[in-house]
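The block underneath contains the structure these notes are about, expressed in structure tokens.
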Amino acid sequence: MKTIAALQALVTAEALDIEPSAAELDAIDREMPLILAEVELLDAQIMTIDHPANEVDERRVRRARRRVLAARRALANATADEVA
């Protein structure tokens, strides 16, 4: 009978007080408009779950989708400008 042993070290954090680096915080700051737009879209979609969507709800969801697309486009353009 063969014994089964772990081939790698345990996958646990050595220190639990690890803080995000400055680069990670900068990345979060750059993506924050997109994150907020996605949260707004999710809120608009949640409002329409428990009742049939009326015209106001449909407009709210459409506007939120447009904001998400605009934020994605702005983030993509900003990333492309940084690379170039």
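Note that the coordinates shown come from a computational prediction; the quantities given were computed from them, not determined experimentally.
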Could you give the side-chain donor-acceptor pairs of residues 65-75 under 3.5 Å, partners two or more places apart or in another chain?
residue : atom : partner : partner atom : Å
R67     : NH1  : E40     : OE2          : 2.4
R72     : NH2  : E38     : OE2          : 3.4

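In the hydrophobic clustering of this structure, I28 groups with L36; members are Ile, Leu, Val, Met, Phe, Trp, Tyr whose side-chain heavy atoms approach within less than 4.5 Å, directly or through other members.
Pairing each heavy atom of A64 with each of L41, the nearest pair is CB-CA, 3.5 Å.
For R59, the side-chain contact (heavy atoms from CB on, under 4.5 Å) criterion is met by E55, R62, R63, not counting sequence neighbours. Every residue was checked against the side-chain contact (heavy atoms from CB on, under 4.5 Å) condition with P52, not counting sequence neighbours, and none meets it. A search for side-chain contact (heavy atoms from CB on, under 4.5 Å) contacts involving L42 returns Q45, I46, not counting sequence neighbours. Taking A53 as the reference, T48, D57, E58 meet the side-chain contact (heavy atoms from CB on, under 4.5 Å) condition, with sequence neighbours excluded.
Atoms CD and CG, on E24 and D29 in that order, are 12.0 Å from each other to the nearest 0.5 Å.
Listed by first and then second residue, the salt bridge (Lys or Arg N to Asp or Glu O under 4.0 Å) pairs involving residues 42-51 amount to none (not counting sequence neighbours).
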